[in-house]
Amino acid sequence: MKSQELRNLQGPLKARYRDDPGSALVTLRASGGLDEGIACSVETGRALAVAGLHPAAGGDGTALCSGDMLLQALVACAGVTLRSVATALEIDVRGGTVRAEGDLDFRGTLAVDKQTPVGFRAIRLSFDLDTDATDEDMATLLRLTERYCVVLQTLASSPDLSITS
């Protein structure tokens, strides 16, 4: 996709959102069914993903770990965002790799140590890109990718959460 093609696609949306801010508010949804054993099936829109316990929490490794899925969502979002920004700025990125890794201490989630936090302690996102972009262009590309990546910003800002039954 070329920069102008992207502008042509996004231009009408941006205009509508400026004129009618309420039209920009979209509620995304995900749902899952509780499966036999300790598993939950999640419809991804393309396939069914079955999440279960990570081996460090007693799983056998046959089901997807939701922590891995969170990192995969971050990688996907960051990759799409980087491609979008590169296209808009006409920075040639021929290819590359996006990686995310996160540190979890399972003592928290297994209630072994009540002082150990549950969840990721740290998440690192990295890019290895095939590009001739200047250092300045790379800095801009990474800064704007960080700014506009929905999953990254959601993790960084800790949105209001609620749980109901």
Side-chain angles (χ1 to χ4, degrees), residues 1 3 6-7 9-11 13-18 20-32 40 42-46 49 51-54 56-57 59 63-93 95-131 133-164:
M1 179 176 290
S3 177
L6 182 61
R7 284 187 181 92
L9 285 172
Q10 293 179 341
L13 294 170
K14 289 180 179 184
R16 182 174 51 160
Y17 300 157
R18 277 187 209 96
D20 179 12
S23 70
L25 183 59
V26 176
T27 301
L28 304 179
R29 291 179 174 80
S31 63
C40 179
V42 178
E43 179 64 45
T44 66
R46 301 282 184 239
L53 291 173
H54 186 278
L64 299 170
C65 166
S66 53
D68 289 333
M69 293 168 71
L70 179 94
L71 295 177
Q72 291 162 356
L74 175 59
V75 164
C77 188
V80 168
T81 303
L82 182 130
R83 279 289 196 191
S84 239
V85 170
T87 299
L89 298 179
E90 298 181 337
I91 297 172
D92 183 30
V93 176
T97 305
V98 182
R99 290 184 182 86
E101 57 183 27
D103 302 326
L104 268 167
D105 186 335
F106 278 89
R107 293 176 303 159
T109 196
L110 292 177
V112 171
D113 178 358
K114 300 226 187 268
Q115 302 306 313
T116 301
V118 176
F120 285 101
R121 289 182 168 189
I123 296 175
R124 293 168 297 283
L125 182 64
S126 64
F127 300 89
D128 181 16
L129 304 177
D130 180 10
T131 183
T134 66
D135 288 345
E136 183 180 331
D137 283 345
M138 281 300 298
T140 299
L141 182 60
L142 294 178
R143 179 177 51 81
L144 293 178
T145 297
E146 179 179 359
R147 179 176 177 184
Y148 295 115
C149 177
V150 170
V151 174
L152 189 151
Q153 287 303 317
T154 300
L155 290 170
S157 67
S158 298
D160 294 334
L161 296 173
S162 62
I163 300 172
T164 60

Just checking Asp135: does its CG atom have more than 12 heavy atoms from other residues, nucleotides or ligands closer to it than 6.0 angstrom?
no

Minimum heavy-atom separation for Leu74 to Cys149, with atom names?
CD1-SG, 4.4 Å

Decide side chain to side chain contact (heavy atoms under 4.5 Å, CB included) for Asp105 and Asp113; before the verdict, give the C-alpha distance in whole Å, the side-chain angles of both, and the deciding distance to 0.1 Å.
CA-CA 10 Å; Asp105 186 335; Asp113 178 358; over 6 Å; no

The criterion is salt bridge (charged side-chain N to carboxylate O under 4.0 Å, His left out); which residues satisfy it with Arg124, sequence neighbours excluded?
Glu101, Asp103

Atom pair CG/CD of Asp137 and Glu90 - distance to nearest 0.5 Å
11.0 Å

I'd like to check the salt bridge (charged side-chain N to carboxylate O under 4.0 Å, His left out) partners of Asp128; sequence neighbours left out, ordered by chain and number.
none

Could you check whether atom OH of Tyr148 has more than 12 heavy atoms from other residues, nucleotides or ligands sitting under 6.0 Å from it?
no

Quick check for you: to the nearest 0.5 Å, what is the distance between Leu129 atom CG and Leu142 atom CG?
7.0 Å

For residues Ala63 and Gly52, report the shortest heavy-atom separation together with the two atoms involved.
CB-N, 3.4 Å

Check: Val98 and Leu82 side chains under 4.5 Å, non-hydrogen atoms
no

Closest non-hydrogen atom pair between Ala49 and Leu64, with its separation
CB-CD1, 3.6 Å

State, yes or no, whether a side-chain contact exists between Val93 and Leu141 at a heavy-atom distance under 4.5 Å.
yes

Taking C-beta and beyond as the side chain, do Val85 and Arg143 meet within less than 4.5 Å on heavy atoms?
no

Scanning both residues in full, the closest heavy-atom pair of Ala57 with Leu53 reads O-CD1, 3.7 Å

Does a side-chain heavy-atom distance below 4.5 Å link Leu155 with Phe120?
no

About how many Å separate CG of Leu104 and OG1 of Thr109, when rounded to the nearest 0.5 Å?
8.0 Å

Minimal heavy-atom distance between Leu125 and Ala100, with the atoms involved, is CD1-CB, 4.1 Å

Mind checking whether Leu6 and Ser84 have side chains closer than 4.5 Å, heavy atoms only?
yes

In Å and rounded to the nearest 0.5 Å, what is the CD to CZ distance from Glu43 to Arg29?
15.5 Å

Side chain of Arg107, backbone of Gln115: donor and acceptor closer than 3.5 Å?
no

Once you round to the nearest 0.5 Å, how far does CG of Leu13 lie from CZ of Arg18?
10.5 Å

Distance from Thr87 atom OG1 to Arg7 atom CZ, nearest 0.5 Å?
10.0 Å

